[in-house]
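Remarks on the structure that follows.
Everything numeric here is computed off the predicted structure, so don't read it as measured data.
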Amino acid sequence: MDGTATPLVTIRAVANKPALDCCLLSIHQLVDEIIIIDTGSVDDTVKIAEKYTSNIFF
């Protein structure tokens, strides 16, 4: 490790399909890691998140 911090974003999401894609599209090139914490979505929130990260927790 060289001691350099890397940008990370964590998003808590629940049924955020309309806003999540726009949000992730705008930040995905600015950060090194995206973590999504889904709290019970029944829409396509998780499917959208999977386009940007595999770090999805329930």
Side-chain angles (χ1 to χ4, degrees):
M1 287 208 115
D2 65 4
T4 305
T6 58
L8 160 77
V9 66
T10 303
I11 298 173
R12 185 182 139 266
V14 61
N16 266 340
K17 179 185 173 185
L20 188 63
D21 196 36
C22 184
C23 174
L24 292 174
L25 179 63
S26 68
I27 64 166
H28 84 279
Q29 292 183 335
L30 302 175
V31 298
D32 292 328
E33 186 175 8
I34 298 172
I35 298 172
I36 303 292
I37 302 168
D38 185 77
T39 56
S41 297
V42 294
D43 61 1
D44 288 336
T45 294
V46 173
K47 183 185 262 186
I48 290 168
E50 288 172 337
K51 294 190 318 187
Y52 300 94
T53 184
S54 61
N55 295 320
I56 303 169
F57 301 92
F58 303 92

Could you measure the distance from the CD1 atom of I37 to the CZ atom of F58? Nearest 0.5 Å is fine. 11.5 Å

Within this structure, what is the NE2-OG1 distance for the pair H28 and T53, rounded to the nearest 0.5 Å? 11.5 Å

Spacing of CD1 belonging to I11 relative to CG belonging to N55, to within rounding of 0.5 Å: 12.0 Å

Between F57 and V9, is there a shared hydrophobic cluster once you connect ILVMFWY residues whose side-chain heavy atoms come closer than 4.5 Å? no

By salt bridge (charged side-chain N to carboxylate O under 4.0 Å, His left out) - contacts of D44 (at least two apart): K17

Measure across A13 and S41 and return the closest heavy-atom pair with its distance rounded to 0.1 Å. O-OG, 4.1 Å

Partner set under salt bridge (charged side-chain N to carboxylate O under 4.0 Å, His left out) for K47, not counting sequence neighbours: none

Verdict with reasoning, Y52 to I27, per side-chain contact (heavy atoms from CB on, under 4.5 Å): CA-CA 10 Å; Y52 300 94; I27 64 166; over 6 Å; no

Taking all non-hydrogen atoms of both residues, which atom of V46 and which atom of I56 are closest, and how far apart? O-CD1, 4.1 Å

Check salt bridge (charged side-chain N to carboxylate O under 4.0 Å, His left out) between D21 and all other residues, then give those that pass, not counting sequence neighbours. K51

d(L24 CG, I36 CD1) to nearest 0.5 Å is 5.0 Å

